[in-house]
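Taking it in order: structure first as structure tokens, then the write-up.
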Amino acid sequence: MDDKVKEKILIIDDEQGIRDLFCFLLRPKGYDVFTAADGEEGVAMVKKENFGIIFLDVHMPKLRGPEVLKIIKQINPKQLVIIFSSSSDPNYVFEENAESYGAYRCLYKPVEISQILGIISEALSREREKSGGN
Amino acid sequence: MGTKIVIIDDEPGIRDLLSRELKKEGYEVRTAENGTIGIETVKQEKEVEIVITDIKMPAMDGIEVLKKVKEINPEIEVIITTAYGTIENAIECLRAGASDFINKPFSIDEFSCKIKKIFEKNKLKEIIALYEISKNIFSTIELDKLLKMIIDLSMKVIKADDASLMLMNEEGKLHIAISHRLNEDIWNEIELRPGERVAGWVAEHKQAVILTNGLKNDERFKNMEGIKNIKSALVLPVFGKKDLLGVLNINRISIDNNFTENDLQKATIFVSLAALSIENSKLYNKLQSSREQLVHQSKLAAMGQLAASMVHELNNPLMIIMADIESLIEEKSRREYREIDTAVMQMKRIISSLSQFSRKKELVFEKIKIEEPFITPFSFIDKIYQNKNIRLKKSISDNLFIYGSRGHLEQVFVNILINAIKAMPDGGDLSITAKVIIMNGMKFISIEFKDTGAGISKTDLSRVFEPFFTTDKKNGTGLGLSISYDIIKMHKGDIIIESEGAGKGTLVKVLFPACPNTEK
């Protein structure tokens, strides 16, 4: 049995296919994948668990990406959040300034899997360095 | 009244009688005792309208006089008087072009009446001529053709042998838009401010001027240097509905006659017609191009709206397809999966370009030198064109300023340059020039991209700006030129693409209005 702690990853996206995709791709890679179908659900989960990385969609009903990001950062200012945009916002203000709003990075769909995996390991290893290893 | 009548009769009594009576009515009269002297007089006097000639005279008879007068000026009306009122005579005269035929003895009243009728008819002829002119002018829509027609007709209307039309540009300076005698090369070099030279004076004071025998005789212009060869000149302001459009110069160079008040009157009527037709043409052309633009932009706008909603819907499924394909390819490296991968990449590119339509990134206009938006594109393609054996020639004049949004212009230039490079897969020449040109009195910066590549067929040429139209089926999205067109139009510019056909290279001309203090 692998006693290494599985990194927890949360994907907040209103598209079923995207949530399924993350589960399908990341679980075999050894990640513990959680999903939320909208902002409210996502926030509820963040309050209950600690996540290594949160992937956050921008366009969702009820609570939108920017608002969710704000709340998450209030709960845990150090939380690693990667914005995952379907890039149809005419203003792009949020996406282009994602990092200044507290996100680690902003990705635009469609993204190659290798890129997603790459960013996950990069972000997590940076975090580990900061907290002085585990 | 200044109009001239020449009386030719070998009988002094008739000459004196007619001369006296007609002078009483206010007409200017010359007499001659025979045909030869009569013809000489007509030649000299130059503004003769009516010739009254006896039919039976020694040496030259009336019919011959008639024919000779018509040779000098077919517009001169000839009245034949005769004591032998045979019908054959009458018919022969009328056939030869006589306006009327009077039997002696005649009453002076009858005579007066006929003369009056002829002058009325002439006036009517002038009005009809102006009407015909106005019909021609107003049915001509193309500005270039119209301007040429205006100066040709102006020379006809008041019998001149040179004319030029100067138009006011946006800076309030007069430029030659068309000239009969002057070479087109120097039209752009002549620029007058209001008050400068006669044309400038006319523009400033909005008053017409008749000049006879040079400028020294006129108080207002005696200190100006005259132009050799011009014997008489008529300079008129051309008024549009709202303001002064320009100035019309009409000159007599080899005609020795000075312009008269009558000429000025005719010219003034003509000029008001000309002004209307110019505004008409400009309006029509504006309408045409804004209609075309509207059609195109409504297509783009519709696409933009569609794009915005589609992009969001498409990116999610595409993400899923890509992810699944990527993991499937890892397991099986089959041709089908590779094809799907290529197709998915293409879709990604298209959706990415599409999202640019919905991206209404604000244009930020500022005064920039035209070289600035070239810096990034040139360095970007530097690597590309060296590898492909393309010889690049740049000739961008200094001090060319426009109001533009730099980032957007960079996008346009990159698009055009990449199209050129794609058209020359085996190498070729690419030249880029930027300079000032003057069109219809206004300054533009004209940028030309000329390549020696694949060229564009006539059928394709009409579709180049269509969204999704591309000749690069493998890598093109067909959106580059549509977006570039959009950006250029928002800069109030224009883009024209020309090609002689497949294999004959392509010329892309981009025009932007020049900033006012762009030097030549």
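All figures in this text were calculated on a predicted structure; none of them were measured in a lab.
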I would like to know whether B/Leu318 and A/Lys109 meet side-chain contact (heavy atoms from CB on, under 4.5 Å); could you show each step before the answer?
-> CA-CA 8 Å; B/Leu318 196 61; A/Lys109 295 170 195 164; over 6 Å; no
Got a list of side-chain donor-acceptor pairs under 3.5 Å for residues 17-25 of chain A, not counting sequence neighbours?
{"from": "A/Arg19", "atom 1": "NH1", "to": "A/Asp13", "atom 2": "O", "distance (Å)": "2.7"}
{"from": "A/Arg19", "atom 1": "NH2", "to": "A/Gln16", "atom 2": "OE1", "distance (Å)": "3.1"}
{"from": "A/Asp20", "atom 1": "OD1", "to": "A/Gln16", "atom 2": "NE2", "distance (Å)": "2.9"}
{"from": "A/Asp20", "atom 1": "OD2", "to": "A/Gln16", "atom 2": "NE2", "distance (Å)": "3.3"}

Is it the backbone or the side chain of A/Glu15 that comes under 4.5 Å from a heavy atom of chain B, or both, or neither?
-> side chain
Quick one: closest heavy-atom pair of B/Asn315 and A/Ser86, and the distance?
-> ND2-O, 2.8 Å
What distance do B/Met319 atom CE and A/Leu107 atom CG have between them, rounded to the nearest 0.5 Å?
-> 9.0 Å
For A/Tyr104, look at atom OH and say whether over 12 heavy atoms of other residues, nucleotides or ligands are found less than 6.0 Å away.
-> yes
Which pairs pass salt bridge (charged side-chain N to carboxylate O under 4.0 Å, His left out) with one or both residues in residues 407-423 of chain B, sequence neighbours excluded?
-> B/Arg406-B/Glu410, B/Lys422-B/Asp472
